Structures are given as structure tokens and as C-alpha cells.
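Small disclaimer: the values here were computed from a predicted structure and weren't measured. FYI, side chains are in, hydrogens and waters are out, and symmetry mates aren't considered; it's all heavy atoms of this structure.
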Amino acid sequence: MITPAGSQVVHARAPGKINVFLKVGAVMDDGYHDLATAFQAVSLSEDVRAYPADDFSVQFTGSIDTSGLAVDGSNLAIKAARLLARKTGFRGGVHLEIEKHVPIAGGMGGGSADAAATLLACDALWGTAASKDELLELGAQLGADVPFAFTGGTAIGTGRGDQLSPALAKGKFQWVLAIADFGMSTPAVYKELDRHRTRHAQDIFPAQRQPTVDANVLQALRAGDAVMLAESLYNDLQAPALHLAPGLGKVLQLGEENGALAGILSGSGPTVAFLVADADSALELQVALSAARLRVVRATGPVRGARLIHD
């Protein structure tokens, strides 16, 4: 669909995320795993522009290859728009233009950011006047990471990761992100984790224990202490993801050999997030990883959650 110049447009932006801590518990009754995670929203964002339309459509632009993304009803942004229309009784449609900068299938919540920004943009475009709590509830129906894309900042997630409580964080953390040229399926990584746990003794992986975020993580965030946070980075999905994509281990090693305080797989991967001490260290690491022919971007966190942008 071509949108006529000068049409009414609403612009919303939502951030990608890094899980600085992710512990996975047992499978719950709804099929999801019980999680305890610490999210940090970072300065790689998704921009959604919503235009009036009679039906629902989406097209993509941005700094990354979007050629493989679905543009039909299976796309999460289209699902978000249709869900809001259904819940509010809105009878029209929307044309979405999404400028993507968060890696696709990279463990950084890009699709979730699309959904959050779409809900916010469509609510404003259509005048449906949904409350923040209503939008958060709709977001949780779309995916476990969508509520955090709304709230942004730093938060603790429990349950599926969608039950959020804000966490105090001081200052800015500097990240260098090595972006893979392939994506990883989140369900596939969880299945590999389950297989790994089945192969090993249950006393090593007690499924009954409810996961919690380590106190050291919260202390490091409150203090704005990158060194302390680096020592506390943890991700239960890292080992199964490395088993599925062993080459990521070399990326982790390369970053830590070139000045990173620590590296961690973001979510289910394959994006590798390196925490560094300051902006100068971030630039040096970016140069070193780029010289190894890796695609690298820098980011800072925490940043604000989904919001309307007045162009």
C-alpha cells in the first residue's frame, strides 16, 4: 500500500532490550518456563509510523535486512493492531511503516518493541483512549517481552517475564553488540535447554526451585557499577544456544580478549552483548570486533520505554 503524502501519521518508538540476568525454572501449566530476569532497555530502537487505512498492512525499512520478515497477519505488529481494534471495537485499519534497528531473531526483543510501539501508535491514531494498564495487558497477550518494551528502563521480570517490577538503576551502562548474520528460534533454544536438563541429574537442575534474580545484580544496577554488573551477568539460555551455534563461543572469547568486562548472549541469542567500562572502551572494542569482520553496534542503557514521537 502506498500512503499519500501529507496523510495523518502517528509515530511511536520502542526500545530493544538486553537480559543482564536470566534464570529459567520449570515449565508452567501454560507451557512457558518460569523465569526470573533483569531487563535493561537499550538505545537500539524500533520506529513505527501508523497511517489511516481501511485494512491492515505493514512495510519495513531500517538499518538491517528485513527481506525475510512476514508482512501478513502472522506479523506481530499486525497482530497488535488487530488485537487493539478488536478489543476497542474500532472498525477501520492501519498501514504501518516500521523502521527496524534491533536485530531480527537476535534475542533483543525487536518484534516485541514493534508490537508495543504499534499498540501505542494505533491507540493515538484511532483515538481509542486505552489506558496504560490496558495496553500492557494487550501486550502481554502478544508476547512475554512486550510489556517491558512499554515500560523500558530497568526492570525485574517474573512468571513468563511479563510480570514486571521496576528496578533502580543509576547512570548509563555502555554496551557493544556483536550481531550475527543469522537468527535463532527462541522455542528451539528452550527445547535444547530442556533436553540438556533431561540428560543430566535432576539434583543439578532442581526443577521445583523458583528462580530469582541474584542480589548482586540489583546492587550493581543501583550503584551504576559496570564492573560489579559484569561479574553478575548470567543467562541460563547461553549454554544451549552455544550448543546450537558453537561459533558464538569464539565471538564471546574475542570480545573478552579485547577489553570487554564481560560478554553475555542476549536472551536466546544470537546477539552477543559486551559490557564495557566507558565510551572509550566501547569504541576500542567496536574497532577490534569490526576488524574481525563482525557486524557491531554500540548502545547505552537504560533508556525510556515505548513513547510517542512528535516529528
Side-chain angles (χ1 to χ4, degrees), residues 13-24 35-46 101-103 106-110 112-113 116-117 120 132-133 136 139-140 144-177 211-238 255 259-267 271-283 285-286 297-307:
R13 176 176 295 157
K17 57 83 181 173
I18 293 171
N19 299 79
V20 300
F21 184 92
L22 177 56
K23 191 165 280 189
V24 180
L35 302 180
T37 187
F39 293 109
Q40 185 167 104
V42 294
S43 56
L44 283 187
S45 59
E46 305 280 89
H101 300 286
V102 179
M108 292 190 66
S112 297
L120 200 60
K132 182 178 179 181
D133 285 345
L136 282 168
D145 287 342
V146 179
F148 179 69
F150 269 111
T151 61
T154 306
I156 304 304
T158 54
R160 296 188 304 157
D162 58 342
Q163 298 171 24
L164 299 175
S165 55
L168 292 174
K170 180 182 177 182
K172 286 284 183 188
F173 292 89
Q174 300 282 338
W175 297 93
V176 177
L177 307 170
T212 58
V213 175
D214 286 357
N216 287 345
V217 176
L218 302 176
Q219 185 179 350
L221 292 169
R222 279 195 301 268
D225 189 327
V227 174
M228 186 188 302
L229 183 60
E231 293 171 351
S232 307
L233 295 178
Y234 180 81
N235 183 359
D236 264 338
L237 297 180
Q238 183 160 306
L261 296 173
I264 190 171
L265 230 61
S266 181
T271 303
V272 179
F274 293 105
L275 182 59
V276 294
D278 50 39
D280 287 342
S281 301
L283 181 58
L285 180 57
Q286 181 181 24
V297 294
R298 283 180 288 155
T300 60
V303 299
R304 294 171 58 192
R307 63 195 188 278

Give the C-alpha distance, both sets of side-chain angles, the deciding distance and a yes or no for side-chain contact (heavy atoms from CB on, under 4.5 Å) between Phe148 and Leu164. CA-CA 7 Å; Phe148 179 69; Leu164 299 175; 4.1 Å; yes

Is there a side-chain contact (heavy atoms from CB on, under 4.5 Å) between Gln40 and Leu221 once you walk through the steps? CA-CA 10 Å; Gln40 185 167 104; Leu221 292 169; 3.8 Å; yes

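When side chains are defined from C-beta on, Met108 counts as touching Val42, because their heavy atoms get closer than 4.5 Å. Counting heavy atoms from C-beta on, the side chains of Pro103 and Leu44 come closer than 4.5 Å. Side-chain contact check for Lys170 versus Arg222: every heavy-atom pair is 4.5 Å or farther apart. In this structure, the side chains of Leu177 and Ile18 come closer than 4.5 Å at one or more pairs of heavy atoms. Thr158 places none of its side-chain heavy atoms less than 4.5 Å from the side chain of Leu35.
To the nearest 0.5 Å, atom CZ of residue Arg304 and atom CZ of residue Arg307 are 5.0 Å apart. Interatomic distance, Leu120 CG to Lys132 NZ, rounded to the nearest 0.5 Å: 10.0 Å. Once rounded to the nearest 0.5 Å, the distance linking CG of Leu285 with CD of Gln174 reads 11.5 Å.
The closest donor-acceptor contact from the side chain of Thr300 to the backbone of Phe173 lies at 3.5 Å or more, if one exists at all. Proximity of a side-chain donor or acceptor of Thr37 to a complementary backbone N or O of Gly161 within less than 3.5 Å is not detected. Proximity of a side-chain donor or acceptor of Asp225 to a complementary backbone N or O of Val227 within less than 3.5 Å is detected. With Gln238 contributing its side chain and Leu265 its backbone, the two residues share a donor-acceptor pair below 3.5 Å. A side-chain donor-acceptor contact under 3.5 Å links Glu46 to the backbone of His101. Counting only distance, with no hydrogens or angles, the side chain of Lys172 and the backbone of Pro302 share a donor-acceptor pair below 3.5 Å. Under a 3.5 Å cut-off, the side chain of Asp236 and the backbone N or O of Val24 do form a donor-acceptor pair. For the pair Arg160 (side chain) and Ala140 (backbone), a donor-acceptor distance under 3.5 Å is present. The backbone N or O of Gly107 sits less than 3.5 Å from a side-chain atom of Ser266, completing a donor-acceptor pair.
Partner of Phe39 under the side chain to side chain contact (heavy atoms under 4.5 Å, CB included) criterion, out of Val20, Leu22, Ile156, Asp145: Asp145 alone. When Asp214, Asn235, Leu237 are each tested for a side chain to side chain contact (heavy atoms under 4.5 Å, CB included) with Lys23, only one passes: Asp214.
Residues Leu261 and Ala277 approach most closely at CD1-N, 3.7 Å, considering heavy atoms. The minimum heavy-atom distance linking Leu136 with Phe150 is given by the pair CD2-CB, 3.6 Å. When all heavy atoms of Val303 and Pro15 are compared, the pair lying nearest together is CG2-CB, 3.7 Å. Heavy atoms only, all atoms of each residue included: Ser43 and Ala299 are closest at OG-CA, 3.4 Å. Nearest heavy atoms, Val276 versus Ala260: CG1-CA, 4.1 Å. Closest of all the heavy-atom pairs between Ala149 and Ala14 is O-CB, 4.2 Å.
A 6.0 Å sphere centred on CG of Leu168 holds no more than 12 heavy atoms belonging to other residues, nucleotides or ligands.
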